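Below: the structure, in structure tokens.
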Amino acid sequence: MEIITYVMSNLSLLAQLTLEHIALVVVAVGLACLMGVPIGIAITQNERIARVVLYTASIIITIPSIALFGIMIPVLSVIGHGIGYVPAVIAVLLYSQLPIIRNTYTAINNVSPGLREAARGIGMTSMQRLRLVEIPLSVPIIMAGVRTAVVMNIGVMAIAAYIGAGGLGVLISRGISQSDPRQLIVGAIAVSLLAIVADTLLLALQKRLTPKGLQS
Amino acid sequence: MKSAVMKTIQFNNIGRGVMYLAVLLLGIYLQRTGLIDDILYYYDDIVYLGRQHVELTLISGGLAVPVGIALGIMLSRPKFRNLSEWTMQGLNVGTTIPTLAILALSMSFLGIGMLPAIFGLFIASLLPIVRNTYTGLLGVPAHLKEAAAGIGMSSTQMLLKVEIPNALYVMFAGVRTALAINVGTVPLAFLIGGGGLGELIFTGIALLNTQMMLAGAIPTAMLAILVDILVAGLALLLVPRGVNPLRN
Amino acid sequence: MINIENLTKIFDTKQGVVTAADHITMQVPEGEICVLLGPSGCGKTTTLKMVNRIVTPTSGRVLINGEDTTQQDTVTLRRNIGYVIQQIGLFPNMTIAENISIVPKLIGWNKKRYTKRASELLEMVGMDPGTFLKRYPNELSGGQQQRIGVIRALAADPPVMLMDEPFGAIDPINREVIQDEFLKLQRLLKKTIMFVSHDIDEAVKMASRIAIFREGKLVQYDTPDDLLSHPKNDFVKGFVGSDRALKRLQLVTVEEVLETETAVVKMNDSLSQALVKMDDAGYERAIILVDDARRPVGYISRSVAQANQGDCSKHYANLRSVVRLEDNLRTVASKMFTHDATWLPCVNSEGILEGCVTQRGITRHLGATYKAVQ
């Protein structure tokens with residue numbers, strides 16, 4: 001009851017924090033796509049490099065987010081952005097690489113050799129093949145990677161409140177430091193809901209983007 | 001032609017030289033700034049909090065692995081078929097919940113201290129284990145189960161000799177994810193009074209004390225990578241050769 | 001011996017009640033292979049799987065060697081029945097040795113005994129134990145895996161075996177080889193076998209008896225020869241194919257149609273003597289030439305004998321082909337077509353002439369509507 005009252009009386013704050021949270025994740029994951037998808041495509045050309053890239057990305061993703069923030073702060077302090085949204089966006093950008101690169105890489109690699117040969121057989125150049133065959137077939141899988149990245153990073157962004165990035169994590173951090181269960185619970189539930197909704201929406205989008213012929 | 005070759009050689013040498021130089025300079029720089037000494041100033045804290053940190057992971061993970069596997073096995077049995085569909089839907093939603101939220105909710109019910117921290121970590125690690133155990137077991141091809149039944153295995157024998165070994169790779173992937181989530185969340189345990197290396201990181205951030213922050217962050221990152229490598233190695237060793245994609 | 005009495009299976013599906021097997025009654029005599037044959041969905045597999053209760057019968061019972069299995073618990077029942085399925089179902093987490101020894105281990109053999117048994121079985125199917133025992137299933141070819149599937153079922157020496165399209169997943173060339181191997185094995189082991197197939201050629205080759213199923217009912221249950229010569233109705237006729245007379249060829253061996261009273265000439269007989277013998281025996285074109293051990297060497301044709309003088313040894317032509325006693329008539333017919341011959345000499349395992357197979361003899365045998373005396 002208390003919680004509902006709190007939500008009703010703080011609607012605008014809640015909306016602002018939610019928007020902030022979404023904006024940060026969208027910007028960061030968007031940048032991550034621009035970076036990860038080309039990398040994922042490029043490394044299909046060389047298995048050795050692919051292994052190195054994927055291994056590096058998998059090491060990065062194992063580093064706990066708060067530790068990554070901690071390591072980045074002194075580095076970014078040099079350009080005056082030690083805390084705030086910059087390290088948060090960079091962290092999300094880095095964390096998103098593994099799911100996006102990996103899914104792009106496997107998706108393109110999994111396009112059946114028969115299809116690839118057929119494309120070559122009807123005289124497509126390798127760029128046409130990529131644009132007309134390989135990427136369209138890979139979109140659903142790449143989207144699955146993006147979905148993983150978004151859901152994971154909504155959580156990371158919540159932690160980034162501790163380095164002053166804003167977002168719904170602010171409610172949780174205040175709730176903890178002020179021992180205020182209302183803010184704590186509202187923050188936790190809001191972040192959870194955001195993640196669940198994002199997951200559901202992106203799953204729907206992923207299904208929409210699947211070419212008709214591939215839908216089961 | 002010759003000059004091109006020469007260039008490559010020169011470039012390779014230069015490249016390597018630059019790398020060595022960079023490492024050397026970084027070392028000198030760190031030494032000069034006194035960063036390494038500054039971090040080692042927190043040596044006693046690192047050891048004390050590091051031990052807490054590992055304890056949190058071991059206890060919560062040590063509970064989550066057997067409980068998660070047991071639940072996963074239970075849900076995969078035919079008599080729980082109705083229940084399992086729903087549970088899996090719930091778990092799928094559950095895995096999207098950020099770990100900070102889980103810890104926060106755990107704190108709002110259990111208060112401050114090690115217990116709510118362990119409980120939160122336990123819950124966060126439980127989900128992937130249950131889910132992978134369940135999907136791994138359901139993914140065992142029907143004809144293998146039919147062959148096992150046809151041979152005259154009891155359902156327990158089938159579970160132990162056929163189903164689990166064939167699901168083991170997927171189950172291990174679940175454990176690995178779970179422990180990665182676990183060690184990634186442990187530093188947050190400090191926030192709800194659970195202790196651990198998070199104390200150095202968060203306090204360092206709050207006090208804008210870079211040395212203190214790095215004294216927490218670097219060992220935390222190294223621990224996380226170490227745990228991941230250990231679990232991966234374990235999967236390589238324990239999953240039988242015939243069903244282990246890593247060993248073919 | 002397997003006795004199936006009024007075995008019935010009714011499935012409740014969303015589309016309504018389906019009778020997958022409808023009062024099936026049949027008997028598989030000891031040591032015989034009974035092939036259950038029919039189009040998909042005819043109830044053959046359901047019937048097979050009710051024997052080891054992978055599918056629980058709705059009603060009816062199964063007796064194995066006189067013992068009613070309805071009351072037996074499934075575990076004991078199944079351990080006494082070898083089971084081979086189309087997908088083979090080797091456990092990928094176990095080595096070949098472990099796969100083969102699994103039933104012996106379950107029923108408590110000691111290590112020495114089941115290890116020895118595994119090697120013995122591998123040798124039986126021509127696979128080197130040293131090479132294969134330690135391997136995993138995914139390191140074997142499809143044909144090799146199938147052989148392991150069969151010997152795994154044989155490991156604890158069960159009297160009864162059920163095989164559900166066991167060779168269905170193998171390419172045609174290897175399938176022939178494995179079928180032959182299996183028949184050779186069966187001649188030694190004399191198991192009582194129920195075998196599901198959808199391939200009439202496989203059935204004719206493997207079966208002592210064939211059971212034709214259609215829509216859950218057993219339509220005809222007969223020996224392959226009877227089935228091919230007397231299909232009960234149009235369905236069976238259609239199923240066995242319009243070339244059923246040709247299929248019967250492979251059921252008959254040379255021995256059964258052999259004309260043993262064959263006249264021959266020897267090396268030092270003269271050509272005029274050869275002509276006389278041909279006339280006496282009523283041979284129009286030629287006569288076989290044998291050596292002193294009665295091994296066929298060649299033949300003297302009538303035209304040569306009429307146009308020349310001298311010993312047979314100087315004027316014979318080489319034999320185009322010979323057949324053996326155990327060859328089936330399909331092989332013989334094929335050789336006849338290949339060499340444009342109306343007869344072929346037949347030899348035994350020592351290479352000694354036993355007689356002749358003629359086109360007329362084959363036609364007469366197949367044309368006879370009565371069953372060949374066995």
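Both backbone and side-chain heavy atoms feed into the values below; hydrogens, waters and symmetry mates do not. By convention in this document, chain letters (A, B, ...) are assigned in the order of the sequence lines, proteins followed by strands, and residues within each chain are numbered from 1. From a predicted model like this one, the values you see are computed outputs, not experimental measurements.
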Quick check against the 3.5 Å criterion: does [X] have a side-chain atom that pairs as donor or acceptor with the backbone of [Y]?
| X | Y | answer |
| --- | --- | --- |
| B:Y41 | B:M212 | no |
| B:N182 | B:A178 | no |
| A:Q97 | A:L93 | yes |
| A:D199 | A:A195 | no |

Just so I understand: if I count every heavy-atom pair under 4.5 Å between each of B:I218, B:I192, B:I201, B:L223 and chain A, which residue has the most?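 Most heavy-atom pairs within the cutoff with chain A belong to B:I201.
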Most chain A-contacting option - heavy-atom pairs closer than 4.5 Å, from B:P219, B:G204, B:G184, B:A217: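 Top option by heavy-atom pairs under 4.5 Å: B:A217.
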Polar side chain donor-acceptor pair, B:N209 to B:Y42, under 3.5 angstrom: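 There is such a pair between these side chains.
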B:T177 versus B:N132, side-chain donor and acceptor atoms under 3.5 Å: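 No - no donor-acceptor pair under 3.5 Å links their side chains.
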Close approach to chain B in [range], criterion heavy atom under 4.5 Å:
| range | result |
| --- | --- |
| residues 39-51 of chain A | none |
| residues 20-30 of chain A | none |
| residues 165-183 of chain A | A:I172, A:I176 |

Minimal non-hydrogen separation, [X] against [Y], with atom names:
| X | Y | result |
| --- | --- | --- |
| A:C33 | A:V146 | SG-CG2, 3.7 Å |
| A:V156 | A:S65 | CG1-CB, 4.0 Å |
| B:A64 | B:L126 | O-CD1, 3.6 Å |
| B:G194 | B:L56 | O-CD1, 3.6 Å |
| A:V191 | B:P98 | CG1-CG, 2.9 Å |
| A:Y95 | A:I63 | OH-O, 2.6 Å |

Checking A:N109 against A:T106 for the side-chain contact (heavy atoms from CB on, under 4.5 Å) test, could you report, in this order, the C-alpha distance in whole Å, the side-chain angles of both residues, the deciding distance, and whether it holds? CA-CA 5 Å; A:N109 259 356; A:T106 36; 5.5 Å; no
Portion of [X] that has a non-hydrogen atom of chain A nearer than 4.5 angstrom:
| X | result |
| --- | --- |
| B:L188 | side chain |
| B:L191 | both |
| B:L200 | neither |

Just give me the residue among A:A190, A:G155, A:G70 that pairs up with chain B most often, heavy atom to heavy atom, under 4.5 Å.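 Result: the option with the highest number of such pairs is A:G70.
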Could you tell me whether B:F122 atom CZ has more than 12 heavy atoms of other residues or ligands within 6.0 Å of it?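 Atom CZ in B:F122 is crowded, with more than 12 foreign heavy atoms closer than 6.0 Å.
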Which word best sums up how the rings of B:F202 and B:F190 line up, parallel for under 30°, tilted for 30 to 60°, or perpendicular for over 60°?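 Because their plane-to-plane angle is under 30°, the rings of B:F202 and B:F190 count as parallel.
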A:L76 and A:I79: CA distance, side-chain angles, deciding distance, side-chain contact (heavy atoms from CB on, under 4.5 Å) verdict: CA-CA 6 Å; A:L76 291 172; A:I79 55 164; 4.2 Å; yes
Under the criterion side-chain contact (heavy atoms from CB on, under 4.5 Å), I'd like the reasoning laid out for B:L91 against B:T95: C-alpha separation, chi angles, the key distance, then a yes or no. CA-CA 6 Å; B:L91 288 185; B:T95 39; 5.8 Å; no
Using a 4.5 Å heavy-atom cutoff, which residues in residues 99-119 of chain B come close to chain A?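 Residues B:L100, B:A101, B:A104, B:L105, B:M107, B:S108 are the ones that qualify, each having a heavy atom under 4.5 Å from chain A.
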Steps toward side-chain contact (heavy atoms from CB on, under 4.5 Å) verdict (A:Y105, A:V37): CA-CA 8 Å; A:Y105 174 73; A:V37 173; over 6 Å; no
Once you round to the nearest 0.5 Å, how far does CG of B:L197 lie from CG of B:L49?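 Reported to 0.5 Å precision, the distance equals 6.0 Å.
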